[in-house]
Amino acid sequence: MLRMGCVIMAAGAAARFGGDKLAARVGGRSLLERALDAVPPGLFAAVAVVSARPEAAVLAAARGFRLVANDRPQDGVSRTIRLGLDALGECDGALFLVADQPFLTRETVSRLAARWQEEPGAIVAAAHGGRRGNPCLFPRDCFPELRRLAGDRGGGAVIRAHPERLRLVEVPARELEDIDTPQALADLGGEGKLD
């Protein structure tokens with residue numbers, strides 16, 4: 001079996017949310033906790049939690065994940081991607097999981113990984129109705145392109161450069177919902193403080 005790594009992207013500045021959105025709670029658990037719990041135990045050779053949040057260290061350690069401190073979240077998602085890749089070591093593929101999708105399940109993450117194992121040269125992404133979302137799993141030969149991203153450009157730029165390699169895994173629409181604003185949090189039944 002090919003060696004896979006996972007990067008949990010939890011370092012965003014949350015400018016549209018207006019506060020610490022990963023502390024917001026849905027179903028009694030913070031968005032950060034829910035993201036970490038979506039990673040199936042033992043599936044990945046390495047899991048890196050890239051975050052600037054102090055409590056991320058405790059949550060990551062409790063699950064055997066590695067915390068990677070991002071001291072410059074204002075530099076954009078590209079920095080989070082580079083830090084995560086650096087922390088994974090020698091992996092054949094890397095799944096990037098954003099921390100603001102509260103309904104993402106372990107089953108979906110496992111399905112993405114299984115699909116990629118079937119075709120390890122592909123880029124595999126969750127989708128609903130044929131519309132791509134997150135998480136996305138990239139093979140190792142895409143890592144140099146991911147590392148060259150700048151500012152707030154993410155993996156979508158690499159996918160657009162290689163559309164023929166994209167394979168979609170259909171998932172329930174609810175799992176792709178993300179929280180970028182207080183209204184989105186309220187619409188999903190969550191609660192949060194803007195400290």
Side-chain angles (χ1 to χ4, degrees), residues 3-110 112-113 126 134-138 143 146-147 149 151-152 154-155 175 177-182 184-185 188 190-195:
R3 182 179 162 95
M4 298 177 295
C6 176
V7 177
I8 299 175
M9 303 172 66
R16 285 191 288 166
F17 193 83
D20 187 358
K21 78 172 173 181
L22 295 185
R25 303 177 83 75
V26 173
R29 291 183 298 145
S30 72
L31 292 186
L32 181 57
E33 288 175 280
R34 294 180 75 94
L36 272 58
D37 287 344
V39 177
L43 181 62
F44 296 99
V47 178
V49 181
V50 183
S51 184
R53 307 185 77 245
E55 67 274 22
V58 174
L59 294 172
R63 292 159 178 84
F65 301 162
R66 178 176 177 189
L67 177 71
V68 179
N70 184 347
D71 57 349
R72 298 198 316 266
Q74 68 276 11
D75 287 358
V77 69
S78 61
R79 178 171 169 77
T80 296
I81 290 170
R82 281 192 302 280
L83 289 170
L85 285 173
D86 289 347
L88 291 184
E90 293 297 316
C91 288
D92 299 301
L95 178 106
F96 291 87
L97 189 156
V98 294
D100 62 357
Q101 290 178 232
F103 303 113
L104 184 67
T105 65
R106 287 180 177 177
E107 178 187 6
T108 287
V109 172
S110 294
L112 291 167
N134 289 304
C136 299
L137 204 161
F138 293 86
F143 291 2
L146 289 166
R147 289 180 186 281
L149 295 169
D152 224 19
E175 292 195 44
E177 292 177 349
D178 62 2
I179 294 177
D180 287 326
T181 65
L185 177 66
L188 293 176
E191 57 191 49
K193 298 181 297 184
L194 303 184
D195 295 333

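Below, all heavy atoms of this structure are taken into account, side chains as well, without hydrogens, waters or symmetry copies.
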Nearest 0.5 angstrom please: [X] [atom1] to [Y] [atom2], how far?
X	Y	atom1	atom2	answer
Arg25	Glu33	CZ	CD	5.5 Å
Asp178	Leu104	CG	CG	11.5 Å
Ile81	Phe138	CD1	CZ	7.0 Å
Leu83	Leu88	CG	CG	11.0 Å
Glu107	Leu112	CD	CG	10.5 Å
Asp37	Arg29	CG	CZ	5.0 Å

Nearest heavy-atom pair of [X] and [Y]: which atoms, and what distance?
X	Y	result
Leu32	Leu59	CD2-CD1, 3.7 Å
Arg34	Pro102	NE-O, 2.7 Å
Cys6	Val39	SG-CG2, 4.1 Å
Ala113	Leu137	CA-CD1, 4.0 Å

Sequence-distant partners of Asp92, side-chain contact (heavy atoms from CB on, under 4.5 Å), two or more places apart = Leu2, Arg3, Trp116
Salt bridge (Lys or Arg N to Asp or Glu O under 4.0 Å) partners of Arg53, counting only residues at least two apart = Asp20, Glu55
For Asp86, which residues count as a salt bridge (Lys or Arg N to Asp or Glu O under 4.0 Å) partner, sequence neighbours excluded?
-> Arg147
Could you check if a side-chain atom of Phe44 sits within less than 4.5 angstrom of a side-chain atom of Val7, using non-hydrogen atoms only?
-> no
Does Leu95 reach the side chain of Met4, with side-chain heavy atoms less than 4.5 Å apart?
-> no
